[in-house]
2 protein chains.
Amino acid sequence: MKKRVYEDGCATAHALDLVGERWALLVMRELLLGPKRFSDLRASLPGISANVLTQRLENLEAASIVRRRKLPPPAAASIYELTEWGQESEELFRVIGRWAARSPQHDPQAPLSVASVVMSMRTMFSPARAGRLSGSLGFHFGREEFRATLDKGKFTIERGEVDGADVVVAGNQNALAGALYGGVPLKALEKSGALTVKGDRALFERYLTFFPLPDKAPHVDAVG
Amino acid sequence: MKKRVYEDGCATAHALDLVGERWALLVMRELLLGPKRFSDLRASLPGISANVLTQRLENLEAASIVRRRKLPPPAAASIYELTEWGQESEELFRVIGRWAARSPQHDPQAPLSVASVVMSMRTMFSPARAGRLSGSLGFHFGREEFRATLDKGKFTIERGEVDGADVVVAGNQNALAGALYGGVPLKALEKSGALTVKGDRALFERYLTFFPLPDKAPHVDAVG
DNA sequence: CGGCATCCGGGAAGATACTG
DNA sequence: CAGTATCTTCCCGGATGCCG
């Protein structure tokens, strides 16, 4: 079936046989925060065609990375989710993310998916910046809700209700990325309606400083 | 020039724009242990064609991951080497390697390159297994020499002369992989001439137990 | 809506041959 | 040795249409 296989016993080469095809890792990224349906995946991966998504899901399932599950009636839809081993790839995404953030060509302001922003916070969180702060934050993007917790400096964020959080941030995920990584002032985002903040605003303003980007690597020109 | 770009601000997507093309990561893997020439790369990447290698090297250079350097006369050859940032991707290879080693479909016995075997030792070394042992080992594969050091349980391996090591292992890298990961008895490898051991043989026999493979993840069949 | 099948155009990958 | 040139094959991306 799959013909273009590296015939190489190296584990890295094997990984590329499994997840090296175009879109495969991005499909996995979208599933890191929980199961999704076919159309959810399509919506959060602008540019992928149904055709290709079907094939990637088949290959990832054959590789035991993704599992397909039919929900019981009445919601008789099927969902795709990472297997336990697939979920273990999260570390891989964090390492890739930290490495790629140093790329001279990376523009942290380009549009990104909800899963990307949430994963970026898991990736870039700096315990040193957070000190021993505690508090809870809710994030609301479209129909997706996430709950972040700071517990004496320990950080987690996952899917969960925003209700009851010390501060609830709602709006567009790109706006949050702009505030986190692009230095866009919070006031400007609120003024334009891209983001609304309800609750402990001071907590959120401190929170925004906990995710420093690494320095860019120098761009190297061709050497004669 | 490059047309198929994920238009996605996520750092992972950017990484895939840089190194997501076929062969790109394997080219980087071959450079992790030091500079190589074009034909060295070709020889250690069975299956890559010259034009693809040329294009990957161009793209990696444009991404500031690889640098091309012309050696001064008389050895007026050009070599390719990782930039400092490119070298930082080593962590990525170790994480990928550990993750992929758990793949139900991974066969650790398949043929692999010299760089792969050496990197696999960096990846799989278990400090718990090594205790506080000290000693030095030399590895000789074809024209490539590596020096491994155990210093009170701290492990390093890099290019370097085998002379002066407590034990020198020479022969075929696949044979070493078989002894490390495939449970092939050392005696059998020596008998067949695939591996020769000179010096502190007991040290090498202990060394062979310091690189345990992780458990395989369960293979999941389709669920109805 | 949630997929899968099919076709089509373009472009990347693979094989081979060739040149400085 | 270090690549280019050329040709073929196959994958990707888009569109459409079918079926539950």
Side-chain angles (χ1 to χ4, degrees), chain A residues 1-8 13 16-27 30-31 35-62 66-81 143 222 224, chain B residues 1-8 13 16-27 30-31 35-62 66-71 73-81 143 222-224:
Chain A
M1 186 172 293
K2 279 205 301 178
K3 310 293 278 303
R4 286 187 191 175
V5 172
Y6 303 107
E7 303 195 358
D8 189 325
L16 293 173
D17 282 334
L18 300 180
V19 302
E21 292 168 306
R22 199 164 159 74
W23 294 107
L25 276 176
L26 299 187
V27 170
E30 290 300 317
L31 295 176
K36 288 197 171 192
R37 292 184 302 180
F38 190 89
S39 49
D40 296 331
L41 287 169
R42 258 200 102 172
S44 51
L45 294 171
I48 199 171
S49 59
N51 201 352
V52 171
L53 180 53
T54 299
Q55 199 191 322
R56 288 305 164 272
L57 288 169
E58 280 171 4
N59 290 347
L60 290 172
E61 191 176 0
V66 161
R67 182 166 37 221
R68 180 183 179 156
R69 210 149 47 88
K70 272 206 173 3
L71 293 180
S78 33
I79 56 152
Y80 299 89
E81 63 186 0
R143 267 173 285 100
Chain B
M1 185 173 293
K2 280 206 302 179
K3 311 292 278 302
R4 286 187 191 175
V5 172
Y6 302 107
E7 305 195 357
D8 189 324
L16 293 173
D17 282 334
L18 301 180
V19 302
E21 292 168 306
R22 200 164 158 73
W23 293 109
L25 276 177
L26 299 187
V27 171
E30 290 300 318
L31 296 176
K36 288 198 172 191
R37 292 183 303 180
F38 190 91
S39 50
D40 296 331
L41 288 168
R42 257 198 105 172
S44 51
L45 294 171
I48 198 171
S49 59
N51 52 9
V52 171
L53 179 54
T54 299
Q55 199 192 323
R56 287 306 163 273
L57 288 168
E58 281 171 2
N59 291 347
L60 290 172
E61 190 176 1
V66 161
R67 181 166 38 221
R68 180 184 179 157
R69 209 148 48 89
K70 270 203 173 9
L71 293 181
S78 27
I79 56 152
Y80 299 89
E81 63 186 359
R143 267 172 284 100
V223 178

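By convention in this document, chain letters (A, B, ...) are assigned in the order of the sequence lines, proteins followed by strands, and residues within each chain are numbered from 1. Note that this is a predicted model, so its numbers are computed, not measured.
Residues meeting the side chain to side chain donor-acceptor pair (under 3.5 Å) test with B:Glu81, sequence neighbours left out: B:Arg67, B:Arg69. Considering only residues two or more places apart in sequence or on other chains, A:Asn51 meets the side chain to side chain donor-acceptor pair (under 3.5 Å) condition with none of them. The salt bridge (Lys or Arg N to Asp or Glu O under 4.0 Å) search around A:Glu7 returns none, not counting sequence neighbours.
Within the model, atoms CG of A:Leu26 and CG of A:Leu53 stand 11.5 Å from one another, a figure rounded to the nearest 0.5 Å. Atom NZ of residue A:Lys70 and atom CD1 of residue A:Ile79 lie 11.0 Å apart, to the nearest 0.5 angstrom. Note that CD of A:Glu21 and CG of A:Leu60 are 8.0 Å apart. Values are rounded to the nearest 0.5 Å. Atom CG of residue A:Leu25 and atom CZ of residue A:Arg56 lie 11.0 Å apart, to the nearest 0.5 angstrom.
Put simply, B:Ser78 has no side-chain N or O that comes within less than 4.0 Å of OP1 or OP2 on D:dC1. Applying the 4.0 Å criterion to OP1 and OP2 of D:dC12, one finds that A:Arg56 has a side-chain N or O inside that range. Contact check, B:Tyr6 against D:dG13: no side-chain N or O comes under 4.0 Å of OP1 or OP2. A close approach under 4.0 Å does occur between a side-chain nitrogen or oxygen of A:Trp23 and OP1 or OP2 of D:dG13. Using a 4.0 Å cut-off, some side-chain N or O of A:Arg68 falls inside it from OP1 or OP2 of C:dC4. In this model, the phosphate group of D:dC1 is not approached by any side-chain N or O of B:Arg37 to a distance below 4.0 Å at OP1 or OP2.
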Could you give the side-chain donor-acceptor pairs of residues 38-48 of chain B under 3.5 Å, partners two or more places apart or in another chain?
residue	atom	partner	partner atom	Å
B:Asp40	OD2	B:Arg37	N	3.2
B:Ser44	OG	B:Glu30	OE1	3.1
B:Ser44	OG	B:Asp40	O	2.9
B:Ser44	OG	B:Leu41	O	3.3

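If you take CZ of A:Arg22 and P of C:dG10, they are 18 Å apart, rounded to a whole angstrom. For the pair B:Tyr80 OH and D:dA2 P, the interatomic distance rounds to 8 Å; values are reported in whole Å. Atoms NZ (B:Lys36) and P (D:dC1) sit 14 Å apart, rounded to a whole Å. Following rounding to the nearest Å, B:Glu58 (CD) and C:dA12 (P) show an atom-to-atom distance of 13 Å. Atom CD1 in A:Ile79 sits about 16 Å away from atom C1' in C:dC1, given to the nearest Å. Atom CG in A:Asn59 sits roughly 9 Å away from atom P in D:dC12 (whole-Å rounding). Taking atom NZ on A:Lys70 and atom P on C:dC1, their separation rounds to 18 Å, with Å as the unit. Summarising the geometry, the separation between CG on B:Leu26 and P on C:dG14 is reported as 11 Å, rounded to the nearest angstrom.
End-to-end axis angle of the helix from C:dC1-D:dG20 to C:dG20-D:dC1, from C1' rotation axes over five pairs per end: 30° (rounded to 10 degrees).
Under the 3.5 Å distance criterion, the side-chain polar atoms of B:Tyr6 are left unmatched by any main-chain donor or acceptor of A:Arg22.
Of the residues in residues 39-52 of chain A, those with a non-hydrogen atom less than 4.0 angstrom from any atom of DNA chain C are A:Ser39, A:Asn51.
The side chain of A:Arg4 sits closest to D:dC10 out of D:dC10, D:dT4, C:dG10.
Using a 4.0 Å heavy-atom distance criterion, B:Phe38 is classed as a base contact.
Contact between B:Trp23 and B:Val52 at its shortest, heavy atoms only, is CD1-CG1, 3.8 Å.
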